[in-house]
Number of protein chains: 2
Amino acid sequence: MSKRPVTVIDIAHAAGVSKSTVSLVLRNSTLVNETTRAKVNETIRELGYVYNRNAAKLRGGGSEVIGIVVNDLTNSFFAELAVGMDMVTQSAGFVQFLANTGESLDRQREVIASMREHGMAGLILSPARGTTAADLKPLVAAGIPVVVVVRAVPGAKVSTLISDSEGGTREAVAHLLEQGHRRIAFLGGFADTAVFAERVRGYRAALESAGIAVSDGWIFDSAPSRAGGITAATAALAHADHFTAAICFNDAVAFGACDGLRAHKREPGLDFAVIGFDDVIEAKSAVPALSTVSIDPQGMGRRAAQMLLKQINAGQAEAETIISAARLVLRDSSGGRIATPKEAAA
Amino acid sequence: MSKRPVTVIDIAHAAGVSKSTVSLVLRNSTLVNETTRAKVNETIRELGYVYNRNAAKLRGGGSEVIGIVVNDLTNSFFAELAVGMDMVTQSAGFVQFLANTGESLDRQREVIASMREHGMAGLILSPARGTTAADLKPLVAAGIPVVVVVRAVPGAKVSTLISDSEGGTREAVAHLLEQGHRRIAFLGGFADTAVFAERVRGYRAALESAGIAVSDGWIFDSAPSRAGGITAATAALAHADHFTAAICFNDAVAFGACDGLRAHKREPGLDFAVIGFDDVIEAKSAVPALSTVSIDPQGMGRRAAQMLLKQINAGQAEAETIISAARLVLRDSSGGRIATPKEAAA
DNA sequence: CTCATAATTTGGATCGTTCCAAATATCAAG
DNA sequence: CTTGATATTTGGAACGATCCAAATTATGAG
């Protein structure tokens, strides 16, 4: 039987002061005498008192929890993003509650609704596929600060932090072209997302400015996961144009692509160039080390959290959109010589 | 300006009923007339009312959020564990709040305290390194159901779900011995954890029952991460006894070990056998596919959640400890022929 | 010792919901 | 029409902490 929880009144009674004084002690007010503070604190420890934030929130102050909702925790990009946010929100004295939607819009709605009911100071959302401005409307109407990361939500009047997908991809493909590659595939990603469209746009732009016509058949969409990367790479290897390089939707896909290549006796970084996108922590230590477009997931998480905190503190800042630069990091997976047509057909 | 939030009283006023009736509608009571229910519901939608769970919780009912605290979200084992828990808690109508401690005891204390203050129905904890029974004492004293997973907390009177580390490792090493390996290293893991001790115990037991003496020098501890695996593998390769196989603390270490082997021109699954522990989702699709001791992370998450729900519903079940079986899954990384001493020394 | 001033302390009233007992409306049968 | 039962609805009184204005106590100068 869990007994009735201890309240301020119990403390007050036991310490021989009033509940108001106990409250003052709890809030670390300077108005209270050191002697009484000590006595009260001791009683608090003695009785095993647990602060009831619900009651407190009901009466007065704002919430100190910020909600973080991501669409795919099993992708380490998001795990790192969350860790970056953690650093910032934690040192600002907020608690973060993290929820995973697994790309389900229903789940996302539920989770956000639940967080609202619990009262949150702000929300950082990496939206599930298909999220619309209407989903965010009630939040902004209620004046709850929202920062959207990774994927923009078109039409929503909220602060947004995305990375320069188009520019990053263009730069990566330009590098492959410089190395002499001509038949470059685009692997992975859900075709119906804005991020996918942007990365493909960068891919096309780079190839076209080199005078290479891109057929739709060069683009192999798939789930943006390691498994999806394997599928996409396998499909690409079976294609009549024998690719010698690939730019991948993200690092997870790139790792999968490497697996897929090896399964078909091609060695990434040796006779097939692979470039990823994100720069997750494993990219550096994998073998071969993954060349990738770095958007610094942890840093992005930190920045997103800072944007949110600014909004929370400012009461109401207007929505700003930041497109953070992407930087090509060359490691081993994009190196090696270019496969001859014969090898490529093997 | 965020305007004053809408309350039941506003609804009551607008719909021409009493606040009690609105409350009844909110709680889906059968006591209320269909016509009034419809009218009230419409007003609720119209005014954009948001249920205030804090107020509700203050007055009466139990919480419907369960806390999940894990020690390393960037390890996909835990991400999958969390996803498994999600499935169960979600369909039981609970909301889950997930927090990451990153192996910090301070952070863990903070996070658990904060969750308590917010009022949680129960907690699933994958404890940070060094967690003691004293950390959990207040929770159980307050009658809050707790389930500890992955790592047991010695002396704590809470339900525990761990996997058969010793048996699993013993089985894996026995398999390597059967294949003819004699010099087998143990790679990765923090040496001061109970799980590490158990896995090492299984490792020693298997080798000793084959008449092989294990020197402490065969055990290479490291962070239980991909990066740690690289470090451990590199150290092992430099050892005077030329190992031909390794059992790894977990899959992350095993992946890192594969990377480390390749960096030294040894091919896992071909001339060096590697076995992991966990069976994370990538194990199947990696190249080479990872042989590993499967403990089914998602399934484990589901089971942990079920244990917690049972405890929550039962009011107070006594602490049970479940050691779930581990099963050796043979894939490619443990295959291949055994390197000759000369190769092994290369 | 007195009085002003500063330092502490303290009872309500209040936040938004639920619960309870009691009030009221509805209905069918006598 | 009553009457008794049944179906709905409804005012408080909680819940636990905060805030405010007012009360009490300590401090110090004259």
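The model shown is predicted, which means the values in this text are computed figures rather than measured ones. Below, chain A is the first sequence line, B the second, and so on; all start at residue 1. Below, each value reflects all heavy atoms present in this structure, side chains not excepted, and no hydrogens, waters or symmetry copies.
Across all strands shown, A/Val22 has no heavy atoms under 4.0 Å from either base or sugar-phosphate atoms. Residue-level contact check: B/Ser20 touches the bases, meaning some heavy atom is under 4.0 Å from a base atom. Looking at heavy-atom distances under 4.0 Å, A/Arg53 makes no contact with the nucleic acid at all.
OP1 and OP2 of D/dT9 both lie 4.0 Å or more from every side-chain N or O belonging to B/Thr21. For the pair B/Ser23 and C/dT18, the criterion of a side-chain N or O lying under 4.0 Å from OP1 or OP2 is met. The shortest distance between the side-chain N/O atoms of A/Arg37 and the OP1/OP2 oxygens of C/dT8 is not below 4.0 Å. Here A/Thr36 reaches the OP1 or OP2 of C/dT9: one of its side-chain N or O atoms lies under 4.0 Å away.
Between the base of D/dG11 and the side chain of B/Ser18 there is no donor-acceptor pair shorter than 3.5 Å.
The structure places CD of A/Glu80 at 11.5 Å from CZ of A/Phe78, a figure rounded to the nearest 0.5 Å.
Nearest to the side-chain atoms of A/Tyr49 among the listed nucleotides C/dT10, C/dT18, D/dA17 stands D/dA17. In the set C/dT17, C/dT9, C/dG11, the nucleotide with an atom closest to the side chain of A/Lys19 is C/dG11. Listed candidates were C/dC15, C/dG16, C/dT9. Nearest to the side chain of A/Arg59 is C/dC15. Listed nucleotides D/dT18, D/dG16, C/dG16 differ in distance to A/Tyr51; the shortest reach to its side chain belongs to D/dT18.
Tested against A/Phe94, the residues A/Val88, A/Leu308, A/Ile66, A/Asp86 include a single side-chain contact (heavy atoms from CB on, under 4.5 Å) partner, A/Ile66.
Counted by atom type alone, A/Asn71 and A/Thr101 present zero donor-acceptor pairs between their side chains at under 3.5 Å.
Note: A/His118 and B/Phe97 have perpendicular aromatic rings, judged against thresholds of 30 and 60 degrees for the angle between ring planes.
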